[in-house]
Amino acid sequence: TERTLSFRHTHTGETLSLAYAAGDRYLPEALARIHWLLRDFRNGEARAIDPRLLDQLHELSRITGTQAPFEVISAFRSPATNAMLQKRGGVASRSLHLDGRAIDVRLADVRLADLRDAATSLRAGGVGFYAASNFVHLDTGLPRRW
């Protein structure tokens, strides 16, 4: 069975909807398109995104029943961008965003707290709840929440 994802990047306005995996096989062309969409939008630097993160998103879309694309606030972050954001505060020096293992998202048709709870139920990585900024952070690190 195919696994699909839909995205809308909040900073670039770019959208993407595609199958990224079929059965136990990831589709290289689809992954390349996802890696580009989830690049550091501040400087255009792209990096491979952990496919386990994509699988988390796919599972979240399934269990929430969303019909909306994932609205992406931030995914891969270059070292330069991470350092700049660190100076503003609230950003980890060894952020998993640097490794293509984290993403900040929301869904237009799912309450933010419901998205957080669904992500936490997966026990697939870290889940950060940023209600004031209207996004949930997901990563493929150790299961934890904040």
Side-chain angles (χ1 to χ4, degrees), residues 1-110 112 114-116 118-120 122-130 132-144 146:
T1 61
E2 282 191 336
R3 295 195 298 283
T4 61
L5 284 169
S6 293
F7 300 100
R8 184 179 72 76
H9 201 294
T10 61
H11 296 283
T12 66
E14 293 166 282
T15 60
L16 183 62
S17 189
L18 77 175
Y20 71 93
D24 61 358
R25 198 168 116 334
Y26 293 102
L27 307 174
E29 293 94 25
L31 292 180
R33 292 178 67 194
I34 291 170
H35 300 166
W36 177 248
L37 181 87
L38 300 182
R39 70 193 178 276
D40 184 329
F41 68 90
R42 289 177 176 89
N43 63 16
E45 195 176 318
R47 180 173 185 151
I49 301 298
D50 185 345
R52 295 173 304 162
L53 189 61
L54 303 178
D55 290 339
Q56 276 187 48
L57 293 171
H58 175 75
E59 189 61 15
L60 283 172
S61 62
R62 190 188 68 74
I63 62 179
T64 62
T66 184
Q67 297 301 306
F70 281 97
E71 296 181 12
V72 178
I73 291 88
S74 180
F76 169 68
R77 249 189 240 145
S78 68
T81 291
N82 205 67
M84 180 267 296
L85 293 173
Q86 253 189 293
K87 288 179 184 148
R88 294 185 191 169
V91 170
S93 60
R94 276 302 310 143
S95 168
L96 291 175
H97 285 278
L98 291 162
D99 301 322
R101 295 180 56 202
I103 192 166
D104 300 333
V105 294
R106 63 179 167 250
L107 289 165
D109 60 353
V110 177
L112 203 62
D114 292 342
L115 180 59
R116 173 203 59 204
T120 302
L122 296 179
R123 299 185 195 290
V127 179
F129 184 59
Y130 296 90
S133 301
N134 192 27
F135 70 83
V136 171
H137 165 98
L138 306 168
D139 66 49
T140 60
L142 295 173
R144 63 211 188 288
W146 63 93

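Computed from heavy atoms alone, side chains included, the values below leave out hydrogens, waters and symmetry copies. Numbering starts at 1 and runs along the sequence shown.
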Say whether, by atom type as modelled, one donor and one acceptor occur between the side chain of Gln56 and the main chain of Asp139 under 3.5 angstrom.
-> yes
Backbone of Leu98 reached by a side-chain donor or acceptor of Arg47 within 3.5 Å | yes
If you take all heavy atoms of [X] and [Y], which pair is closest and at what distance?
X      : Y      : value
Thr140 : Leu53  : CG2-N, 3.6 Å
Val136 : Arg116 : CG2-N, 4.0 Å
Ala75  : Ile103 : CB-CG1, 4.0 Å
Ala19  : Leu27  : O-CD1, 3.6 Å
Thr15  : Leu37  : N-CD1, 4.4 Å
Leu115 : Val110 : N-CG1, 3.8 Å

Would a 4.5 Å heavy-atom cut-off, applied to side chains only, mark Leu57 and Leu138 as touching?
-> yes
Side-chain heavy-atom pair Tyr20, Ile34 within 4.5 angstrom cut-off | yes
Restricting to pairs with a member in residues 44-89, which pass ring pair (Phe, Tyr, Trp, His ring centres under 6.0 Å), not counting sequence neighbours?
-> none
Supply the atom-to-atom distance Leu54 CG to Leu38 CG, rounded to the nearest 0.5 angstrom.
-> 7.5 Å
Taking atom OG of Ser61 and atom CD of Gln67, what is their separation to the nearest 0.5 Å?
-> 9.5 Å
What pairs with Pro143 under side-chain contact (heavy atoms from CB on, under 4.5 Å), at least two apart in sequence or on another chain?
-> none
Can you sort out the partners of His9 under ring-ring contact (aromatic ring centres under 6.0 Å, His included), two or more places apart, ordered by chain and number?
-> His11, Phe41
Does anything in residues 57-72 pair up under salt bridge (Lys or Arg N to Asp or Glu O under 4.0 Å), and if so which pairs, sequence neighbours excluded?
-> Arg8-Glu71, Glu59-Arg62, Glu71-Arg106
Pairs in or reaching into residues 13-42: which pass salt bridge (Lys or Arg N to Asp or Glu O under 4.0 Å), with residues at least two apart or in two chains?
-> Glu14-Arg39
For Arg94, which residues count as a salt bridge (Lys or Arg N to Asp or Glu O under 4.0 Å) partner, sequence neighbours excluded?
-> Asp99
Check the surroundings of atom CD in Glu45: do more than 12 heavy atoms from other residues, nucleotides or ligands lie under 6.0 Å from it?
-> yes
